[in-house]
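Along the sequence shown, residues are numbered consecutively beginning with 1. Just so it is clear, the structure is predicted and the values come from calculations on it, not from any experiment. Just so you know, ligand 1 is whichever comes first in the structure, and atom 1 is the first atom listed for that ligand.
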Amino acid sequence: MAGQASQEIAAPLSETDIRSGIVTRRIGQVIHLFHVVDSTNDEAKALAVRGALEGTVVIADAQERGRGRMGRSWTSPPGVGVYLSVILRPAIQPHDAPSLTLLGAVAVAEAIEEVVGLAAGVKWPNDLIVRGRKVGGILGEVAAETSHLHYVVLGIGINVNQTEASFEGELRHTATSLRIEAGRSLDRTALIRSLCEALDRWYDRFLSEGPAPVLERLRRSCLTLGQRVVARSGDQQLCGLAVDLDDSGALLIQDANQRLHRLIAGDVTLTG
Ligand code: BTN
């Protein structure tokens, strides 16, 4: 080849490689791997409606309509990211489901630490942060009737081998990839295996002990606690100090009058 290759071609993921050596009880016993989908969350929801087994994992090399929280899109170019959704069917009340997003965040942080050796923090409730920039996120979607939860789909996106040039506009200042932070390109398959194992470990504990162990682990990695925040939920806005998580994983924010507010969902900006 003449000169430097200007464009690296990433090898597509292989189901055999992902399966090899993976040790889990539930997560990833069934894996659906796609070249490209609109959204792995949508594929997982369609499978869940058709009765797919708990722990079924949907992975894609690329997404054409990757979705983030609050109606945002999730840029999902081919071959460089992890785009993964898992179906869970815990016997819990629908109002307890948000703690599963926190479980996903803890699992992603552990997988990054194990495979890449970088410390990953969690900005409550779903952002994975490395050196101040977002490297991943979780989109939890619940199908439930009043008091019966049918299933939860946890969608996980991780920026793995993107270069600086991959991020445009505002993302240039707020997003990063594991490759940029580690200074080397990384094996997506190893990360997926480690992620499935971490999800399996924490989900096992969640089923036997409830959310407390997840929350205890999250407190150690949570970048939001102890910070001044602006929280937005619907058209409401609240400024205060993020003091703790309650037993269900809701964020407790103390306002200027020392009143405690419980935030179950929403967008939180750290202001220092
Ligand atoms: C966020 O930070 O707002 C959540 C991002 C979640 C992105 C993942 S990628 C796999 C799954 N499929 C989607 O369409 N979204 C999630």
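Around the CG atom of Asp247, the shell of radius 6.0 Å holds no more than 12 heavy atoms that belong to other residues, nucleotides or ligands. More than 12 heavy-atom neighbours from other residues, nucleotides or ligands sit within 6.0 angstrom of CD on Gln93.
Using cut-offs of 30° and 60° for the angle between ring planes, the Tyr203 and Phe206 rings count as parallel.
Of the candidates Met70, Arg69, Arg67, it is Arg67 that places a heavy atom closest to atom 15 (N) of ligand 1. Within the set Ile59, Thr101, Leu139, Thr40, the minimum heavy-atom distance to atom 11 (C) of ligand 1 is found for Thr40.
Interface of Ile138 with ligand 1, defined as ligand atoms under 4.0 Å from a residue heavy atom, comprises 4 (C). Taking a cut-off of under 4.0 Å to the non-hydrogen atoms of Gly66, the atoms of ligand 1 that pass are 14 (O). Atoms of ligand 1 lying under 4.0 Å from any heavy atom of Leu84, numbered from 1 in the order shown and given with element: 10 (C). Residue contact check: Gly68 has heavy atoms under 4.0 Å from atoms 1 (C), 3 (O), 4 (C), 5 (C) of ligand 1. Here is the list of ligand 1 atoms found below 4.0 Å of a heavy atom in Gly157: 7 (C), 8 (C), 9 (S).
Using modelled atom types, no side-chain atom of Asn161 and backbone atom of Arg179 make a donor-acceptor pair closer than 3.5 Å.
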Stepwise side chain to side chain contact (heavy atoms under 4.5 Å, CB included) check, Ile156 with Leu199: CA-CA 11 Å; Ile156 296 171; Leu199 284 168; 4.0 Å; yes
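In this structure, the separation between CG on Asp17 and CD1 on Ile22 is 11.5 Å, given to the nearest 0.5 Å. For the atom pair CZ of Arg188 and CG of Leu186, the computed distance is 11.0 Å after rounding to the nearest 0.5 Å.
For atom 5 (C) of ligand 1, the nearest protein heavy atom (residue, atom name, distance) is Trp74 CE3, 3.4 Å. Atom 1 (C) of ligand 1 has its closest protein heavy atom at Asn126 ND2, 3.4 Å. Closest protein heavy atom to atom 2 (O) of ligand 1: Lys134 NZ, 2.5 Å.
In this structure, Gln63 is part of the shell of residues with a heavy atom less than 4.0 angstrom from ligand 1.
Salt bridge absent: Asp38 and Arg67 never bring a charged side-chain N and a carboxylate O closer than 4.0 Å. Using a 4.0 Å cut-off between a side-chain N of Lys or Arg and a carboxylate O of Asp or Glu, Arg217 and Glu113 qualify as a salt bridge.
When heavy-atom distances to ligand 1 are checked against a 4.0 Å cut-off, Ser85 comes that close only through its side chain, counted from C-beta outward. The residue Asp42 has no part lying near ligand 1, judged by heavy-atom distances below 4.0 Å.
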